[in-house]
There are 2 protein chains.
Amino acid sequence: MIKELKENYGFLFEDELLNDINNVGTFKEVPEGFTLINLGDYIKSMPLLVSGAIKILREDEKGDELLLYFIERGDTCAMTLSCCMGQKKSEIIAIAETTTKLIMIPVEKMSEWMCKYKSWQNFILQSYHDRMTELLEAIDSIAFLKMNDRVFKYLKDKAMVNHNDVITVTHQDIAFDLHSSRVVISRLLKTLENEGKIELHRNSIKILDL
Amino acid sequence: MIKELKENYGFLFEDELLNDINNVGTFKEVPEGFTLINLGDYIKSMPLLVSGAIKILREDEKGDELLLYFIERGDTCAMTLSCCMGQKKSEIIAIAETTTKLIMIPVEKMSEWMCKYKSWQNFILQSYHDRMTELLEAIDSIAFLKMNDRVFKYLKDKAMVNHNDVITVTHQDIAFDLHSSRVVISRLLKTLENEGKIELHRNSIKILDL
DNA sequence: AAAACTATGTAACAATTGTTACTTAGTGCG
DNA sequence: CGCACTAAGTAACAATTGTTACATAGTTTT
C-alpha cells in the first residue's frame with residue numbers, strides 16, 4: 001500500500017476503496033515549479049494530493065494569467081474531474097507550488113467507483129463543491145477587493161499553503177499571479193510595509209500580521 | 001407526464017428515468033423577477049429548467065452584487081447540486097430573468113439516481129462542468145476585460161437569453177449587475193451608441209451588432 | 001396641468017491602476 | 001574588482017473607473 005494513502009484518505013474511504021486506489025493508482029512526486037497541467041492538455045487521469053500544494057491559474061488568449069486558488073493535501077482537482085468526463089481540454093494551468101506528492105487515478109475508475117462506493121461519490125461531489133466555492137472566492141477578490149487588499153490576501157494565502165510566514169517571491173511573480181504590473185505591486189507592497197503588515201526583502205517577504 | 005419534460009430532457013434520459021422524474025418532481029412556474037434562491041437559503045430540491053432563463057448573482061457582505069451567468073432550459077443549477085449534498089447554505093442568488101418553468105426534484109433523489117441511471121450521472125457531472133466553465137468565463141470578463149467590453153458582452157448575453165435584440169433594462173440595472181456605477185455605465189453606453197453598436201432608449205437598449 | 005418621480009446626459013473632479021523611464025541595490029561570475 | 005544581470009524603488013504621467021452634483025426629459029400621480 002502506498003504509505004501516504006491511508007494516512008491522508010483513510011478517514012474518508014473504506015479499506016476496499018483504499019485497496020482499489022492502491023492497485024490502479026500510480027504514485028508521483030513533482031518538484032516546485034513543475035507544470036502539471038497546461039492549457040489545452042487532454043486529461044487522462046485525476047490526481048489525489050497527498051502532500052504539498054498546487055496553484056491553479058487561468059490564462060487568456062493574450063497569455064495574461066490570473067491565480068485562481070491553491071489546492072492542498074486531501075484535495076483533488078475538480079477541473080480535472082470535469083475535463084476527464086468528456087475528454088475535454090483543460091481550461092486551466094496547474095503548477096506545483098511546493099514539492100508535491102500525488103496519486104494518479106485513471107479516468108475510467110472515477111465514474112466506476114461513483115456507483116460502487118458511496119464515500120467516493122461523496123468525495124467527488126464534495127470536491128466539486130469545494131472548487132466551486134474557491135472559484136467564487138476568487139471572483140469576490142477580483143470583483144470586490146481593491147488591489148492592496150488583494151495583494152495582502154495573496155501573501156497570506158501563500159504563507160498558508162507554504163506553512164511559512166516568509167514567502168519566497170519577487171514583485172514580478174505577484175504581478176503575474178494577480179494580473180497587474182510590477183510597479184503597481186511594488187508601490188502597494190511598500191505601503192503595506194509602512195503600515196507594519198509585512199517586511200520586504202530581496203526575493204522574499206515576511207508576513208507579520210497573519 | 002409533465003408535458004415539457006419529455007420534450008426538453010427526452011434526448012438525455014431513458015423513459016424509466018423520465019417516469020421517475022415525473023413521479024417525484026413538482027412543476028413550477030415563476031414570473032420575471034421572482035427570487036428563486038436567496039443568499040443563505042437552505043436548499044432542499046434541485047431545479048430542472050424547461051423554459052425561460054435564470055440569472056445567477058454573487059453578493060458580498062456589503063450587499064454589492066455581481067452577475068455570474070445565466071442558465072437556460074435544459075440546464076440545472078450546479079450550485080444547488082453542491083448545496084444539496086451537505087445541506088449547505090446557498091452562496092449565490094437566483095432570480096428569474098424571464099417567466100420560467102421548472103421541475104423541482106427532491107434532494108435525496110439526486111444521489112439515488114446517480115447510481116441507478118448512468119445518464120443521470122453524466123447529466124450531473126456535465127452540469128458541474130458547464131457551471132464551472134461559466135464561472136471561469138465570468139472570471140475572464142472581470143479580470144481581463146475593460147468595462148466597455150464587459151458592458152457590450154453583458155448586453156449581448158442578455159439579448160441571447162431573452163431571444164430579443166431589444167432588451168428592457170435601465171442603466172442602473174446594468175450598473176448593479178456589473179458592480180459599477182450608473183454614471184460610468186451611461187458614459188460607456190453613450191460611446192457604444194456613437195460607435196453604432198447599440199441604440200439607446202428610455203428603459204430599453206437595442207443591440208445592433210449581434 | 002402641476003407636482004413628483006424616474007431615467008438619462010454631462011461636467012468636473014478624485015481615486016485607483018497602469019505605463020514609461022530611470023535609478024539604486026544586491027548577486028553571480030569572469 | 002569590474003561587468004552583467006536581476007530585483008526593487010520611485011517619479012511623472014496616462015488611462016480607466018468612480019463620485020458628486022446638477023440639468024433635462026419622459027412618466028405617473030393627483
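Note on naming: letters A, B, ... go to the chains in the order of the sequence lines (proteins, then strands), and numbering restarts at 1 for each one.
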Check the distance between [N]'s [atom2] and [X]'s [atom1] and give it to me in whole angstrom.
{"X": "B/Leu178", "N": "D/dT17", "atom1": "CG", "atom2": "C1'", "value": "13 Å"}
{"X": "B/Ile198", "N": "C/dT8", "atom1": "CD1", "atom2": "P", "value": "11 Å"}
{"X": "B/Ile174", "N": "C/dA7", "atom1": "CD1", "atom2": "C1'", "value": "12 Å"}
{"X": "B/Asp64", "N": "D/dT17", "atom1": "CG", "atom2": "P", "value": "17 Å"}
{"X": "A/Leu188", "N": "C/dT17", "atom1": "CG", "atom2": "C1'", "value": "9 Å"}

* Asked: Taking it one step at a time, do A/Asp173 and A/Thr170 satisfy side-chain hydrogen bond (donor to acceptor under 3.5 Å, both in side chains)?
  -> CA-CA 5 Å; A/Asp173 292 338; A/Thr170 67; 3.2 Å; yes
Can you name the side-chain hydrogen bond (donor to acceptor under 3.5 Å, both in side chains) partners of [X], sequence neighbours left out?
{"X": "B/Arg182", "value": "B/Ser186"}
{"X": "B/Arg58", "value": "A/Asp140"}
{"X": "B/Arg187", "value": "none"}

* With sequence neighbours excluded, what pairs up with A/Glu97 under the side-chain contact (heavy atoms from CB on, under 4.5 Å) test? ->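 Partners of A/Glu97 by the side-chain contact (heavy atoms from CB on, under 4.5 Å) criterion, ordered by chain and then number, come out as A/Ala53, A/Lys55, A/Phe70, A/Lys158, A/Val161, A/Asn162.
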* To do: Output the residues of residues 137-155 of chain A in contact with DNA chain C, where contact means a heavy atom of the residue under 4.0 Å from an atom of the strand; sort by number or write none.
  =>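 A/Lys146, A/Met147 - these, ordered by number, are the residues of the stretch whose heavy atoms sit under 4.0 Å from the strand.
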* Look at the rings of A/Phe13 and A/Tyr9 and say which category their plane angle falls in: under 30° parallel, 30 to 60° tilted, over 60° perpendicular. =>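 Rings of A/Phe13 and A/Tyr9: parallel, under 30°.
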* Using the test ring pair (Phe, Tyr, Trp, His ring centres under 6.0 Å), find all partners of B/Phe144 that sit at least two apart in sequence or belong to another chain. =>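 Once residues adjacent in sequence are excluded, the partners of B/Phe144 under the ring pair (Phe, Tyr, Trp, His ring centres under 6.0 Å) criterion are A/His179.
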* With sequence neighbours excluded, give me every ring pair (Phe, Tyr, Trp, His ring centres under 6.0 Å) pair touching residues 147-170 of chain B. =>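 Qualifying pairs, neighbours excluded: none.
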* What does the inter-axis angle of the helix from C/dA1-D/dT30 to C/dG30-D/dC1 come out as, five pairs per end, nearest 10 degrees? ->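 Taking the rotation axis at each end, their angle is 20°.
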* Asked: Which pairs with one or both residues in residues 21-30 of chain A pass side chain to side chain donor-acceptor pair (under 3.5 Å), sequence neighbours excluded?
  ->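 For residues 21-30 of chain A, and leaving out neighbouring residues, there are no side chain to side chain donor-acceptor pair (under 3.5 Å) pairs at all.
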* Asked: Taking protein heavy atoms under 4.0 Å as touching, what does nucleotides 2-12 of chain D look like 5' to 3' if B marks base contact, S marks sugar-phosphate-only contact and - marks none?
  -> ----BSBBBBB
* Among all residues two or more places apart in sequence or in another chain, which pass the salt bridge (Lys or Arg N to Asp or Glu O under 4.0 Å) test with B/Lys190? ->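 Partners of B/Lys190 by the salt bridge (Lys or Arg N to Asp or Glu O under 4.0 Å) criterion, ordered by chain and then number, come out as B/Glu193.
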* To do: Using the salt bridge (Lys or Arg N to Asp or Glu O under 4.0 Å) rule, collect all pairs that involve residues 196-210 of chain A, keeping only residues at least two apart or in two chains.
  =>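 Every salt bridge (Lys or Arg N to Asp or Glu O under 4.0 Å) pair that includes a residue of residues 196-210 of chain A, provided the two are not neighbours, is A/Glu195-A/Lys197.
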